[in-house]
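Working notes, structure below.
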Amino acid sequence: MKRLLIADLMRSEGERNEVLLQGWVRTRRDSKTFFFLEVNDGSCLKSMQVVVNEDAEGYADSKGVTTGASVSVKGRLVRSQGKGQMWEIQAESLELVGGADESFPLQKKRHSNEYLREIAHLRPRTNLFGAVFRIRSKLAFAIHRFFNDRQFFYVHTPIVTASDCEGAGELFRVSTLDPKSPPLTEDGEVDFKEDFFGRAAYLTVSGQLEGETYATALGNIYTFGPTFRAENSHTSRHASEFWMIEPEMAFCDLAADMDLAEDFVKSVIAEVMETCAEDLSLFFNFVDKELKQRLEFVLSRPFQRVTYTEAVEILLASGKTFDNRVEWGVNLQSEHERYLTEEHFKSPVTVYDYPKNLKPFYMRANDDGKTVAAMDVLVPGIGEIVGGSQREERLELLLENMKAHGISEEDYWWYVDLRRYGSVPHAGFGLGFERLLMFITGVGNIRDVIPYPRVPGHAEF
RNA sequence: UGCCCUGUAGCUCAGUGGUAGAGCAGGUGACUGUUAAUCACUUGGUCGUUGGUUCGAAUCCAACCGGGGCAGCCA
């Protein structure tokens with residue numbers, strides 16, 4: 001008999017015999033001569049009610065069938081006599097596969113997310129985390145579909161890298177040197193020439209620079225993989241290991257880049273709303289009452305687009321007093337971003353043309369001499385979700401910028417080469433996968449949308 | 001890295017200077033097509049740790065260790 005999934009059984013059109021259900025017991029309700037089991041197999045939010053009568057095989061030894069145990073049930077799928085579910089399984093036989101004693105930590109009640117983080121290996125067995133991680137999977141798939149449909153190629157940029165994509169944050173070093181007695185140079189410094197890769201190596205903070213090399217060959221590409229930042233950040237929106245999506249397009253300017261970012265965000269949200277309707281309903285009902293409305297609103301309206309200069313003017317004209325002073329030439333702070341998305345526009349906002357001095361060396365200089373062709377997409381509740389730019393494709397200007405930022409030309413010779421041979425205008429952006437998932441689910445902490453989150457001081461499991 | 005909050009039963013929390021509590025979970029029993037089942041009974045605690053103040057500390061103070069939030073850095 002082949003195992004059937006609850007997701008499929010729930011869509012049955014009629015009763016059926018010879019059903020094999022295998023999963024984990026969520027709860028058990030006993031009567032004198034029979035009992036009910038709520039069995040979840042992870043295939044969907046819903047659990048299947050199983051009715052075990054005293055004549056079912058295995059009824060006598062069913063004492064160990066308790067919350068958390070795994071079971072294998074053979075029986076018939078029948079219309080339920082009770083309210084609350086259309087289908088249930090009338091067990092013909094029940095087998096305890098793996099028991100769970102009274103120390104099983106998940107109870108038939110709500111647990112705090114903080115507690116569940118301590119048992120991250122068991123939390124996917126809860127409704128909330130099961131839903132988060134099914135949606136995470138569907139969202140990843142939607143992202144690949146989005147790019148594939150538009151003829152972007154998926155490029156696997158390296159995880160171990162020697163370049164640091166200046167401006168993207170602190171790096172984790174990758175080394176096999178003995179920390180107790182590393183080889184030293186004549187100056188007494190650690191000699192990384194002796195290290196595994198013959199040079200200093202790090203975990204990537206961005207695949208962008210390598211992505212540009214493939215965009216200027218294959219046309220439109222994207223990367224989608226893990227990135228690592230050794231920043232000592234303690235917020236609900238930062239993790240040391242997270243996944244990032246980075247499209248890069250040749251023959252593309254900032255306007256088209258912003259169009260793509262908006263199209264991307266809307267398309268994948270729309271797909272998830274369609275394919276994960278049941279799981280999303282849990283977030284709509286129990287996590288954030290305004291979530292549904294917010295997502296529908298995002299889909300139905302164009303993102304607001306303002307230049308950095310206009311954004312500053314809006315903030316100055318708001319009459320609000322901010323903790324951080326608003327002034328042209330300084331970064332927009334969280335409170336400013338929040339005002340723009342949550343109060344002024346009440347929708348996602350794309351801010352572009354940022355002051356040159358705030359941004360890294362690779363962004364393209366605008367003609368005004370003061371700004372660069374950079375853009376950020378800000379969303380209510382989360383802040384920055386996308387950061388992108390048109391890249392500087394003019395050799396002289398790029399070299400000038402590198403000098404100004406103290407970046408050595410020798411280290412980036414290959415990156416500069418793109419401007420020497422067949423240089424083209426090109427643009428791209430980076431989007432935090434987890435932040436998008438937070439926005440879609442309304443989950444407020446990045447540690448609850450990554451299976452095993454890594455943040456400063458924590459790498460359990 | 002800075003600022004703030006917090007730590008009491010397996011979980012969620014009350015107790016704010018005078019002999020440790022509730023709900024849920026767990027256990028036992030009853031009962032019923034139940035569904036966060038219900039009803040009765042019941043087990044369960046070095047009050048994060050160490051030190052201090054006090055006749056007396058879960059309660060006040062300090063340090064340390066956990067957990068959380070906000071800000072900066074960014075995605």
Side-chain angles (χ1 to χ4, degrees), chain A residues 26-39 46-53 63 66-68 78-85 88 90 100-119 126-127 165 167-170 205-208 224 226-246 261 286 322-324 330-338 358-360 376-379 382-388 429-439 444-450 455-458 460:
Chain A
R26 284 291 177 80
T27 163
R28 166 175 175 153
R29 292 181 289 272
D30 270 288
S31 290
K32 191 159 195 161
T33 59
F34 65 97
F35 58 88
F36 296 97
L37 292 179
E38 216 55 66
V39 176
K46 285 208 174 76
S47 296
M48 179 65 78
Q49 173 159 283
V50 176
V51 187
V52 186
N53 284 317
K63 201 168 160 46
T66 54
T67 300
V78 297
R79 285 182 205 283
S80 178
Q81 298 169 34
K83 291 176 189 147
Q85 62 278 320
E88 67 188 19
Q90 188 70 51
D101 68 16
E102 65 281 353
S103 66
F104 182 65
L106 294 174
Q107 301 171 4
K108 302 181 270 190
K109 67 165 198 172
R110 268 206 68 141
H111 289 289
S112 67
N113 287 355
E114 292 77 16
Y115 171 66
L116 291 170
R117 267 173 225 153
E118 294 169 9
I119 48 169
T126 65
N127 284 338
C165 198
E170 294 295 313
V205 290
S206 166
Q208 181 199 311
F224 184 4
T227 50
F228 306 86
R229 306 259 169 110
E231 298 284 351
N232 197 8
S233 299
H234 295 265
T235 83
S236 52
R237 317 180 294 285
H238 290 84
S240 310
E241 176 183 315
F242 63 100
W243 285 58
M244 194 155 60
I245 296 113
E246 295 179 291
F286 300 113
F322 296 104
D323 293 340
N324 298 282
V330 300
N331 260 317
L332 296 181
Q333 306 296 312
S334 281
E335 56 174 340
H336 306 140
E337 296 178 354
R338 214 175 300 129
L358 298 178
K359 295 292 182 181
D376 285 349
V377 176
L378 314 176
V379 298
I382 304 210
E384 185 179 343
I385 195 170
V386 170
F429 61 82
L431 180 141
F433 181 55
E434 285 80 11
R435 289 199 182 164
L436 181 59
L437 189 53
M438 288 167 75
F439 184 67
N445 196 308
I446 197 165
R447 282 165 279 189
D448 297 328
V449 297
I450 307 178
V455 297
H458 295 278
E460 288 85 9

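Chain naming here is simple, since letters A, B, ... match the order of the sequence lines and numbering starts at 1 in each.
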Would you say a side-chain N or O of A:Arg110 is under 4.0 Å from OP1 or OP2 of B:rG23? no

I'd like to check, for A:Phe433, whether its ring lies over the base of B:rA75 with centroids under 5.5 Å apart and a plane angle smaller than 30°. no

Short side-chain N/O contact from A:Thr227 to OP1 or OP2 of B:rA75, under 4.0 Å: no

Do the non-hydrogen side-chain atoms of A:Asp448 and A:Arg117 ever get within less than 4.5 Å of each other? yes

A:His234 (side chain) and B:rC70 (base): donor-acceptor pair under 3.5 Å: no

Taking only the P atom of each, what is the distance from B:rU59 to B:rU19 in whole angstrom? 14 Å

Could you tell me which nucleotide pairs with B:rC73 by Watson-Crick or G-U wobble geometry, both distances under 3.5 Å, or answer none if nothing does? none

Any A:Arg237 side-chain N or O less than 4.0 Å from OP1/OP2 of B:rC73: no

Taking the side chain of A:Arg29 as heavy atoms from C-beta outward, which of B:rA36, B:rA71, B:rU34 is closest to it? B:rU34

What does A:Glu337 touch in the nucleic acid at a heavy-atom separation under 4.0 angstrom: a base, only the sugar-phosphate, or nothing? nothing

Are side-chain heavy atoms of A:Arg29 and A:Gln49 found at a separation under 4.5 Å? yes

Ignoring hydrogens and geometry, is there a side-chain-to-backbone donor-acceptor pair from A:Glu337 to A:Gly383 under 3.5 Å? no

N/O donor-acceptor pair, side chain A:Gln85 with base B:rU34, under 3.5 angstrom: yes

Grab the CD-P distance between A:Glu460 and B:rG67 for me, whole Å please. 7 Å

Does A:Phe242 reach a base, just sugar-phosphate, or nothing at all? Heavy atoms under 4.0 Å. base

Can you tell me if OH on A:Tyr115 sees more than 12 non-hydrogen neighbours from other groups inside 6.0 Å? yes

Scan every strand shown for a Watson-Crick or G-U wobble partner of B:rA9, both distances under 3.5 Å, and answer none if you come up empty. none

Which part of the nucleic acid, if any, lies within contact of A:Asp323, taking any heavy atom under 4.0 Å across all strands shown: a base, the sugar-phosphate backbone alone, or nothing? nothing

Among B:rG69, B:rC73, B:rG33, which nucleotide has an atom closest to any side-chain atom of A:Gln81? B:rG33

Distance between P atoms of B:rU16 and B:rG7 (Å, rounded): 13 Å

C1' gap between B:rU12 and B:rC55, integer Å: 36 Å

Given side chains that start at C-beta, do those of A:Leu436 and A:Ile385 come closer than 4.5 Å, heavy atoms only? yes

Within a radius of less than 6.0 Å around CZ of A:Arg79, do more than 12 heavy atoms belonging to other residues, nucleotides or ligands occur? yes

Rounded distance (Å) that lies between atom P of B:rG67 and atom CG of A:Asp448: 14 Å

Phosphate-side-chain proximity, A:Asn113 and B:rG68, N/O vs OP1/OP2 below 4.0 Å: no

Whole-angstrom distance between B:rC4 and B:rA37, as gauged at atom P: 44 Å

Taking 4.0 Å as the cut-off, does a side-chain nitrogen or oxygen of A:Ser112 come that near to OP1 or OP2 on B:rU12? yes

Taking atom types as they are modelled, is there a donor-acceptor pair under 3.5 Å from the base of B:rC74 to the side chain of A:Arg435? yes

Look at the side chain of A:Ser233 against the base of B:rC73 and say whether a donor-acceptor pair falls under 3.5 Å; ignore hydrogens and angles. yes

Looking at B:rG26, does its base get a donor-acceptor pair with the side chain of A:Glu102 below 3.5 Å? no

Looking at A:Asn445, does any N or O in its side chain come under 4.0 Å of the phosphate oxygens OP1/OP2 on B:rG69? yes

Could you give the distance separating B:rA30 and B:rC11 at their C1' atoms, to the nearest angstrom? 27 Å

Using atom P in both nucleotides, what's the gap between B:rG56 and B:rG44 to the nearest angstrom? 30 Å

A:Arg229 CZ to B:rG72 C1': how many Å, rounded? 15 Å

From the list B:rG69, B:rA75, B:rG33, which nucleotide is the closest neighbour of the side chain of A:Ser80? B:rG33

Find out whether A:His238 and A:Ile446 are in side-chain contact, i.e. whether some heavy atom of one side chain is under 4.5 Å from a heavy atom of the other. no

Quick one: which of B:rA75, B:rC73, B:rU28 gets closest to the side chain of A:Glu384? B:rA75

Check whether any side-chain heavy atom of A:Asn127 lies under 4.5 Å from a side-chain heavy atom of A:Arg26, and answer yes or no. yes

Syn if the chi torsion is within 90° of 0, anti otherwise; quick check, which is B:rU49? anti

Should A:His238 be listed as having a side-chain N or O under 4.0 Å from OP1 or OP2 of B:rG72? no

Contact class for A:Asn324 vs. all strands (heavy atom < 4.0 Å): base, sugar-phosphate, or nothing? nothing

I want to confirm an ordering. Mapping A:Gly430 and A:Pro105 to their closest nucleotides on RNA chain B, which one lands closer to the 5' end? A:Pro105

Pairing partner of B:rU28 (Watson-Crick or G-U wobble, both distances under 3.5 Å): B:rA40

Distance, C1' atom - from B:rG48 to B:rG33, rounded to whole angstrom: 47 Å

Would a 4.5 Å heavy-atom cut-off, applied to side chains only, mark A:Glu88 and A:Val78 as touching? yes

For a quick check, tell me whether the side chain of A:His111 and the base of B:rC11 share a donor-acceptor pair closer than 3.5 Å. no

Any N or O donor-acceptor pair under 3.5 Å from the base of B:rG33 to the side chain of A:Glu88? yes

How many Å lie between CD1 on A:Ile245 and C1' on B:rC74, as a whole number? 15 Å

Check whether A:Arg229 reaches the backbone of A:Val205 with its side chain - one donor and one acceptor, N or O, closer than 3.5 Å. yes

Select base, sugar-phosphate, or nothing to describe what A:Arg338 touches, counting heavy atoms under 4.0 Å on all strands. sugar-phosphate

Establish, with yes or no, whether the OP1 or OP2 oxygen of B:rU34 is under 4.0 angstrom from a side-chain nitrogen or oxygen of A:Lys108. no

P gap between B:rA57 and B:rA14, integer Å: 23 Å

If you look at every strand shown and take non-hydrogen atoms under 4.0 Å, does A:Arg447 touch a base, only sugar-phosphate, or nothing? sugar-phosphate

How close or far is atom P of B:rC74 from atom CD1 of A:Ile382, stated in whole angstroms? 18 Å

Just call it for A:Lys63: base, sugar-phosphate, or nothing, with non-hydrogen atoms closer than 4.0 Å on any strand. sugar-phosphate

Tell me whether the side-chain N/O atoms of A:Thr235 come closer than 4.0 Å to OP1 or OP2 in B:rG69. no

Check whether any side-chain N or O of A:Gln107 sits under 4.0 Å from OP1 or OP2 of B:rG26, and answer yes or no. no

With a 3.5 Å limit on both atom pairs, tell me what B:rU46 is paired to, counting Watson-Crick and G-U wobble, or say none. none

As a test of reading the structure: which of B:rC11, B:rG67, B:rC70 is closest to the side chain of A:Glu114, going by heavy atoms? B:rG67

Examine B:rG72: is either OP1 or OP2 under 4.0 Å from a nitrogen or oxygen in the side chain of A:Ser334? Give yes or no. yes

Report the distance from atom CG of A:Leu116 to atom C1' of B:rA25, rounded to the nearest whole Å. 14 Å

For B:rC11, does the base pair up with any side-chain atom of A:Lys109 as donor and acceptor (N or O, under 3.5 Å, distance only)? yes

In whole angstrom, give the distance that lies between atom CD of A:Glu118 and atom C1' of B:rG7. 11 Å

